[in-house]
Amino acid sequence: DDIFEEYLKSAELISVKTSGLGSLYKLKYDITLKDPAKEKEMIDKLRCRNGNLTVSCGLVPVNRDEL
């Protein structure tokens with residue numbers, strides 16, 4: 001929570017999955033960064049906090065094609 005408070009305007013947990021035969025959790029958040037230039041800094045802090053497990057960050061498409 002402290003890392004999220006430092007770097008994010010908002011965060012919403014949107015999914016939780018288990019992996020590694022239930023020994024790990026994959027959490028998916030919809031986030032808004034306070035300062036997009038500090039994205040790598042935030043990811044590095046999260047990786048240090050979670051024992052260097054995978055952390056990934058991506059962009060949500062602004063224009064979605066609809067049928």
Side-chain angles (χ1 to χ4, degrees):
D1 289 340
D2 59 321
I3 295 173
F4 278 21
E5 286 179 25
E6 182 178 351
Y7 290 97
L8 303 180
K9 286 182 187 177
S10 66
E12 179 183 358
L13 180 62
I14 55 175
S15 71
V16 177
K17 292 183 181 181
T18 59
S19 66
L21 299 173
S23 63
L24 298 173
Y25 290 98
K26 290 185 177 185
L27 307 175
K28 188 173 184 179
Y29 287 89
D30 183 5
I31 65 168
T32 303
L33 293 165
K34 289 179 182 176
D35 181 359
K38 293 187 176 185
E39 177 182 352
K40 183 186 179 321
E41 185 178 313
M42 180 193 71
I43 290 172
D44 289 343
K45 282 190 178 183
L46 288 171
R47 279 192 7 246
C48 287
R49 178 72 56 87
N50 75 0
N52 209 30
L53 296 172
T54 302
V55 175
S56 59
C57 198
L59 298 174
V60 175
V62 175
N63 297 324
R64 295 183 181 180
D65 295 332
E66 295 184 18
L67 296 176

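Only this structure's heavy atoms are used, side chains among them; waters, hydrogens and symmetry mates stay out. Note that the coordinates shown come from a computational prediction; the quantities given were computed from them, not determined experimentally.
Residues passing the salt bridge (charged side-chain N to carboxylate O under 4.0 Å, His left out) test with E41, sequence neighbours excluded: none. Residues passing the side-chain hydrogen bond (donor to acceptor under 3.5 Å, both in side chains) test with D44, sequence neighbours excluded: K40, R47. Taking D35 as the reference, nothing meets the salt bridge (charged side-chain N to carboxylate O under 4.0 Å, His left out) condition, with sequence neighbours excluded. Taking K9 as the reference, nothing meets the salt bridge (charged side-chain N to carboxylate O under 4.0 Å, His left out) condition, with sequence neighbours excluded. Listed by chain and residue number, nothing satisfies the salt bridge (charged side-chain N to carboxylate O under 4.0 Å, His left out) test with D1 (two or more places apart in sequence, or in another chain).
Atoms OG1 and CD1, from T54 and I43 in turn, are 11.5 Å apart once rounded to the nearest 0.5 Å.
Hydrophobic clustering (ILVMFWY, side-chain heavy atoms < 4.5 Å, transitive): V55 and L53 are in distinct clusters.
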Please evaluate residues D2 and Y7 with respect to the criterion side chain to side chain contact (heavy atoms under 4.5 Å, CB included), reporting the C-alpha separation (whole Å), side-chain torsions for both, the decisive distance (0.1 Å), and the verdict. CA-CA 9 Å; D2 59 321; Y7 290 97; over 6 Å; no
Please output the side-chain donor-acceptor pairs of residues 13-32 that fall under 3.5 Å, not counting sequence neighbours, one pair per line with the distance.
unit_1: S23; atom_1: OG; unit_2: G20; atom_2: O; d: 2.7
unit_1: T32; atom_1: OG1; unit_2: S10; atom_2: OG; d: 3.2

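Other residues, nucleotides and ligands contribute only 12 or fewer heavy atoms inside 6.0 Å of the NZ atom of K38.
When every heavy atom of K45 is checked against every heavy atom of E6, the shortest pair comes out as NZ-OE2, 3.2 Å.
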